[in-house]
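Working notes, structure below.
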Amino acid sequence: MRLTPRTPEIRVPRLVGLMAVDARETAEAHGVLLASPDRPELHLTVVDHVVRQYPPPGATVPQGAVVTVWFDFGEGEGGGGAGVREPRPAQPPPGGLRRELDVPGAPFEVLR
């Protein structure tokens, strides 16, 4: 019976939120390889941020395993809508009595 050498297992690092260059360095330091279906030339990508990864952080994989990362949100995953919003002026709650104001610049009837 022949036993194959066992490769050491490692935990997948958290890559989400890192820039591409930092994700590559972190993956290399932890002993995993990176692949990206939305960036075929991953080695040239620098400032894009990782938004998703598989396997998830903390998963145990053999050393040299491939971790897939994505730099763009998939269909229906986000891609905006939760960004910075301008401040909204405070307004009274709806309902209740409100005084109707004249339209600025409306002419008044002159009495003589």
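What you see is a predicted model, and the numbers here were worked out from it, not measured in a lab. One-based numbering along the sequence shown.
- In plain terms, the two heavy atoms of T68 and P37 that are nearest each other are CG2-CD, 3.5 Å.
- Grouping Ile, Leu, Val, Met, Phe, Trp and Tyr by side-chain contacts under 4.5 Å, direct or through others, puts V66 with L33.
- Between the CG atom in D38 and the CH2 atom in W70 there is a gap of 8.5 Å [rounded to 0.5 Å].
- With contacts defined as side-chain heavy-atom distances shorter than 4.5 Å, the pair V61/P55 qualifies.
- Residues V12 and P57 fail the side-chain proximity criterion, which asks for heavy atoms closer than 4.5 Å.
- Within the structure, salt bridge (charged side-chain N to carboxylate O under 4.0 Å, His left out) pairs that include any residue of residues 40-49 comprise R39-D48 (at least two apart or interchain).
- Side-chain atoms of Q63 do not come within 3.5 Å of backbone N or O of A65 as any donor-acceptor pair.
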Name each donor-acceptor pair under 3.5 Å that joins a side chain in residues 14-22 to protein atoms two or more places apart or in another chain, with its distance.
none

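- Contact detail for F71 and V51: the closest heavy-atom pair is C-CG2, 3.9 Å.
- If you take CD1 on I10 and OG1 on T60, they are separated by 9.5 Å, rounding to the nearest 0.5 Å.
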